[in-house]
Structure formats: C-alpha cells, structure tokens
Amino acid sequence: MNKFVVIDFETTGLSPNLGDRATEVAAVIVDGDRITDSFQSLMNAGVAIPSYIQQLTGISNAMLREAPSCQKVMQALADFVGDMPFVAHNASFDTKFLDAEWYRIQYKRRQPFACSMLVSRRIYPHAPDHKLGTLVRHLKLPTTGEYHRALADAKMTASLIIKIQNDLQEKYKLASVPHEMLCILQKSPKDAIANTIMKTKIKLGL
DNA sequence: TGCCAGGCCCTCTTTAGGGCCTT
C-alpha cells in the first residue's frame with residue numbers, strides 16, 4: 001500500500017521562531033492515484049493576522065474568533081494522519097509549523113516529509129518556475145480556482161504529486177512510486193536523476 | 001540600535017552570495 005498525507009498550513013507569517021502561528025490546516029490522504037479522505041480546519045491561536053496576510057489568504061481575525069483552539073485542531077490532525085508519511089509543497093515550511101504546533105501539545109512527529117517542490121525541480125526542470133500555482137497551470141492539473149487556502153492548496157499539491165508519480169511510472173517503467181522514492185529523489189543530484197531512479201528501483205524492488 | 005526565516009540550489013563557488021519558495 002502506498003498511502004501518504006498531503007498537508008498545507010496557512011499562517012500569520014513565515015517563521016514560528018519569530019512568533020508566527022498557524023491559522024488553518026488541511027490534510028488529504030492520497031492512496032494510489034486518488035484522494036480518499038480529507039481534513040480541514042481554521043484554528044484560533046489567539047494572535048492577530050497581519051493585514052497583508054489577510055488579503056493574501058482571505059482568512060480574517062473575525063473568522064478565527066469563531067474557530068476551535070489550536071490544541072483541539074492539532075490533536076484532531078494527529079488522530080487523522082496516524083503514522084502516514086507526509087508530502088507538502090516546499091515542505092521545509094510546513095514541517096517547521098507542524099512541528100512547532102505539535103510541540104505545543106507535547107506531540108512529536110515520527111513520519112518523514114517529502115517535498116513536491118524539490119521533486120518538481122528535478123522532474124520538470126523546464127517549468128517557468130516551481131511555485132505550486134505555476135506548476136498546476138503548466139501541467140494542466142485540475143484546480144478549484146481558489147489559492148492560498150489550506151484545502152485548495154493541499155488538493156493541488158496532491159494532484160501534482162499524483163502527476164509526478166504517473167510520469168515517473170510511465171518513463172521509468174515502475175510498478176509504483178512509493179513515498180521513500182520521493183524522499184530519495186528530492187535529494188538526488190540534478191544531473192543524476194535517471195541513475196538515482198534506477199538504483200532506487202532495484203533497492204525497493206519496484 | 002537595528003534587524004530579524006531557513007533550507008535548497010546555482011554559480012561570476014567552495015574562505016560566498018543571492019534567488020527560489022512557503023505565509
């Protein structure tokens with residue numbers, strides 16, 4: 001079974017180390033080439049959202065006043081994802097916010113992250129750029145037309161990673177593209193992608 | 001006082017600097 005969770009956070013800024021907090025989280029389960037379940041919630045950390053981020057995401061301070069606490073949402077997220085490995089676009093960003101929010105409820109992440117941005121840079125080197133929205137348009141993937149909301153972005157990332165898996169399966173005659181291969185591929189030298197894939201194919205018995 | 005992310009990647013590099021990407 002090759003299941004993983006695509007996760008996306010909306011936040012008050014770029015760095016939990018500088019006091020920024022999550023305002024919304026979404027997670028979608030990808031099983032094979034389809035989304036089988038999803039989780040989404042706004043979350044109230046009791047901090048104000050800067051106006052330029054309210055404009056970017058459409059998430060207002062008034063919306064968060066009605067939202068459940070971060071503690072409740074993060075516990076529910078932990079229950080939803082279980083031990084499934086993660087995928088995110090620019091995963092270093094979502095990793096640091098997930099770890100920071102889970103740390104607040106004394107919960108420690110055990111599963112690895114794969115990054116759809118790092119993999120995309122290797123698989124689609126000639127894309128105009130590797131922003132999520134650009135890749136979705138470039139590859140003609142389905143969208144809801146909504147951007148910078150957690151569930152919409154998580155679904156787009158899921159579509160992107162399914163496209164990557166399908167393209168790799170077709171090009172390199174792979175039976176599947178497991179999460180472990182994505183983790184290896186995102187660290188591969190750019191001029192050695194084919195070699196990395198063939199070595200990993202043998203190692204994982206694909 | 002003033003400033004403040006950070007990991008990855010490229011190159012006019014490696015004793016460094018700057019762009020990308022996320023909100």
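Chain letters run A, B, ... following the sequence lines, proteins first and then strands; every chain starts at 1. Fair warning: this is a prediction, and the values are worked out from it, not measured in the lab.
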- Message: Using atom P in both nucleotides, what's the gap between B:dG18 and B:dC12 to the nearest angstrom?
- Response: 15 Å
- Could I get the full list of side chain to side chain contact (heavy atoms under 4.5 Å, CB included) partners for A:Tyr107, not counting sequence neighbours? A:Ala78, A:Trp102, A:Ile105, A:Arg110
- Item | Partner residues of A:Pro128 under the side chain to side chain contact (heavy atoms under 4.5 Å, CB included) criterion, sequence neighbours left out | A:Thr134, A:His138
- Message: Can you list, in residue-number order, the parts of residues 5-15 of chain A that come under 4.0 Å of DNA chain B, counting heavy atoms only?
- Response: A:Asp8, A:Phe9, A:Glu10, A:Thr11, A:Gly13, A:Leu14, A:Ser15
- Does any residue of residues 38-69 of chain A have a heavy atom under 4.0 Å from DNA chain B, and if so, which ones, in number order? A:Ile53, A:Leu56, A:Thr57
- Could you tell me the separation between the CG atom of A:Leu98 and the P atom of B:dT23, rounded to a whole number of Å? 15 Å
Can you give each donor-acceptor pair under 3.5 Å made by side-chain atoms of residues 113-121 of chain A, sequence neighbours left out, with the distance rounded to 0.1 Å?
{"from": "A:Ser116", "atom 1": "OG", "to": "A:Ala88", "atom 2": "O", "distance (Å)": "3.4"}
{"from": "A:Ser116", "atom 1": "OG", "to": "A:His89", "atom 2": "ND1", "distance (Å)": "2.7"}
{"from": "A:Ser120", "atom 1": "OG", "to": "A:Ser116", "atom 2": "O", "distance (Å)": "2.6"}

- Message: If we count only N and O atoms by modelled type, under 3.5 Å, do the side chains of A:Asn166 and A:Glu170 hold a donor and an acceptor together?
- Response: no
- Query: Partners of A:Tyr124 by ring pair (Phe, Tyr, Trp, His ring centres under 6.0 Å), sequence neighbours excluded?
  - Reply: none
- Message: Considering only residues two or more places apart or on different chains, which pairs with a residue in residues 143-158 of chain A satisfy salt bridge (charged side-chain N to carboxylate O under 4.0 Å, His left out)?
- Response: A:Glu24-A:Arg149
- Task: Keeping to residues at least two apart or across chains, list the salt bridge (charged side-chain N to carboxylate O under 4.0 Å, His left out) pairs with something in residues 189-202 of chain A.
- Result: none
- Message: Using the C1' atom as the point on both nucleotides, what is the distance between B:dT14 and B:dC9, in whole Å?
- Response: 14 Å
- Item | Results of side chain to side chain contact (heavy atoms under 4.5 Å, CB included) for A:Lys96 - residues two or more places apart only | A:Pro16, A:Phe93
- Task: In sequence, state the C-alpha distance, the side-chain angles, and the governing distance for A:Thr12 and A:Asp20, and then conclude on side chain to side chain donor-acceptor pair (under 3.5 Å).
- Result: CA-CA 5 Å; A:Thr12 61; A:Asp20 292 321; 3.3 Å; yes
- Could you list the residues that satisfy side-chain hydrogen bond (donor to acceptor under 3.5 Å, both in side chains) with A:Ser188, not counting sequence neighbours? A:Thr196
- Item | Integer angstrom distance from the P of B:dG19 to that of B:dC4 | 15 Å
- Measure the distance from CG on A:Leu18 to C1' on B:dG2 and round it to the nearest whole Å. 14 Å
- Measure from CG on A:Asp191 to P on B:dT11 and round the result to the nearest Å. 11 Å
- Task: Check the pair A:Arg109, A:Phe86 against side chain to side chain contact (heavy atoms under 4.5 Å, CB included), reporting the backbone distance first and the verdict last.
- Result: CA-CA 10 Å; A:Arg109 176 175 57 87; A:Phe86 285 110; 4.1 Å; yes
- If you measure from the P atom in B:dC8 to the same atom in B:dT13, how many Å do you get, rounded? 22 Å
- Task: For A:Ser188 and for A:Thr23, find the nucleotide of DNA chain B with the closest heavy atom, then tell me which residue's nucleotide is more 5'.
- Result: A:Ser188
- Note on the structure: Separation of B:dG7 atom P from A:Phe113 atom CZ, nearest Å, is 15 Å
- Message: Measure CZ/A:Phe97 against P/B:dT23 and give the value in whole Å, please.
- Response: 10 Å
- Query: Please give, in whole Å, the distance from B:dT11 P to A:Lys190 NZ?
  - Reply: 9 Å
- Message: Output one letter per nucleotide in nucleotides 16-21 of chain B: B when a protein non-hydrogen atom lies under 4.0 Å from the base, S when only the sugar-phosphate is that close, - when neither is.
- Response: ----BB
- Task: Grab the CD-P distance between A:Gln186 and B:dC9 for me, whole Å please.
- Result: 9 Å
- Separation between the C1' atoms of B:dT23 and B:dG6, rounded to whole Å: 14 Å
- Query: With respect to the phosphate group of B:dC4, does any side-chain polar atom (N or O) of A:Asn17 fall under 4.0 Å of OP1 or OP2?
  - Reply: no
- Atom P, compared across B:dG7 and B:dG2: separation rounded to whole Å: 28 Å
- Message: Once side chain to side chain contact (heavy atoms under 4.5 Å, CB included) is applied, do any residues pair with A:Glu180, and if so which ones, sequence neighbours excluded?
- Response: A:Ile184, A:Lys203, A:Leu204
- Note on the structure: Residue pair A:Arg122/A:Phe93 against DNA chain B: nearer the 5' end by closest nucleotide is A:Arg122
